[in-house]
Amino acid sequence: MPERQSSRKDAIRNREAVLTAADTLFTRRESPEDVTMADVAAAAGVGKGTLFRAFSDRAGLLRALYEARLEPIKQAIEAGPPPLGPTAPPQDRVPALLDALLCFKLDNRRLALALEESGSSSPYQVEHYERWHSLLQAVLEQIPTLTDSDFTAHALLAATRADLVEHLAGEERIPRERMREQFANFVTRVLASGPMQGLTADE
């Protein structure tokens with residue numbers, strides 16, 4: 001029993017060391033592709049076998065690091081006060097959720113880009129996207145003037161894709177606050193627009 005507890009503690013300690021090392025490497029390197037599993041293992045002081053047992057592959061490591069960085073936002077969404085928390089009016093909560101996601105992508109540009117590029121299939125089928133889409137769709141359904149919450153959630157999330165954020169912040173050099181303002185205005189227009197004249201949600 002003591003040996004099992006010690007082994008569990010070692011696994012937790014190794015996992016924390018790996019996430020810390022990966023966090024540092026992804027922050028310092030210019031391109032996410034420059035960070036290899038061997039780099040992370042060496043920086044964390046663990047063997048590659050330990051790394052692969054804990055995270056399976058590079059995509060698994062990226063997901064774990066992404067989730068660790070996202071945890072404060074998740075807590076605010078699940079149990080925090082308005083405007084992110086569940087008691088906020090939907091018209092206030094939708095812009096707050098999207099602004100939080102945009103800021104997270106801006107603060108974690110290289111990691112978010114690496115995660116979205118690591119998917120072996122459609123980026124819309126990965127777990128973190130499906131979770132954001134389900135949350136946003138559920139809140140949008142509470143706004144009576146919107147008739148297609150599924151499509152609207154996809155369209156709004158498209159504006160927070162990591163490759164677009166990277167292009168706007170990197171190549172076009174749009175300042176952070178300006179980008180937030182532009183996105184907030186876009187979200188406001190979407191939420192204010194009712195169904196198109198002559199069309200229904202089924203058309």
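Values below: every heavy atom of this structure, side chains too, minus hydrogens, waters and symmetry copies. In this text the structure is predicted, and so the values were computed from the model without any measurement.
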If you take all heavy atoms of L156 and F186, which pair is closest and at what distance?
CD2-CE2, 3.8 Å
Is there side-chain contact between L136 and L98, with at least one heavy-atom pair below 4.5 Å?
yes
Hey, what do you get for CD (E130) to CG (L135), rounding to the nearest 0.5 Å?
13.5 Å
Would you name the heavy atoms of A43 and L25 that are closest together and state the gap between them?
CB-CD1, 4.1 Å
Is there a side-chain contact between Q182 and I174, using heavy atoms and a 4.5 Å cut-off?
yes
Give, for atom CE of M179 and atom CG of L164, the distance between the pair rounded to the nearest 0.5 Å.
8.0 Å
Between W132 and L97, the two heavy atoms sitting closest are CZ3-O, 4.0 Å
Pair L157-L101, side chain to side chain contact (heavy atoms under 4.5 Å, CB included): steps then yes or no:
CA-CA 9 Å; L157 288 172; L101 181 56; 3.6 Å; yes
If you define the side chain from C-beta out and look only at heavy atoms, does anything of L191 sit under 4.5 Å from L140?
yes
Side chains of residues 82-96: which donor-acceptor pairs under 3.5 Å do they make with residues two or more places apart or in other chains?
residue: R93; atom: NE; partner: L84; partner atom: O; Å: 2.8
residue: R93; atom: NE; partner: G85; partner atom: O; Å: 3.1
residue: R93; atom: NH2; partner: I77; partner atom: O; Å: 2.9
residue: R93; atom: NH2; partner: L84; partner atom: O; Å: 3.2

May I ask you to decide whether R176 forms a salt bridge with D107, counting only side-chain N to carboxylate O separations under 4.0 Å?
yes
Quick one: side-chain hydrogen bond (donor to acceptor under 3.5 Å, both in side chains) pairs with a partner in residues 35-52, sequence neighbours left out?
R29-D39, T36-D39, T50-R53
Under-4.0 Å salt bridge between E16 and R13:
no
Does some side-chain heavy atom of R63 sit less than 4.5 Å from a side-chain heavy atom of F55?
no
Indicate the atoms forming the closest heavy-atom contact of A153 with Q137, along with that distance.
CB-N, 4.0 Å
With the side chain counted from C-beta on, respond yes when Y129 and R161 share a heavy-atom pair under 4.5 Å apart, and no when they do not.
no
Would you compute the distance between atom SG of C103 and atom CD of E177 and round it to the nearest 0.5 angstrom?
7.0 Å
Under 4.5 Å between any side-chain heavy atoms of T160 and F183, yes or no?
yes
Give, for atom CG of L115 and atom CZ of R110, the distance between the pair rounded to the nearest 0.5 Å.
16.0 Å
V190 side chain near V187 side chain, heavy-atom distance below 4.5 Å
no
Can you tell me how far apart CZ (F26) and CG (L113) are? Round to the nearest 0.5 Å.
10.5 Å
Looking only at heavy atoms, which two atoms of A44 and A17 are closest? And how far apart?
CB-O, 3.7 Å
Which value, rounded to the nearest 0.5 Å, describes the distance between E166 atom CD and L106 atom CG?
9.5 Å
Please find the pair of heavy atoms, one from Y66 and one from K105, that lie closest to each other, and give the distance.
OH-CE, 3.9 Å
Are the side chain of N108 and the backbone N or O of L111 linked by a donor-acceptor pair below 3.5 Å?
no
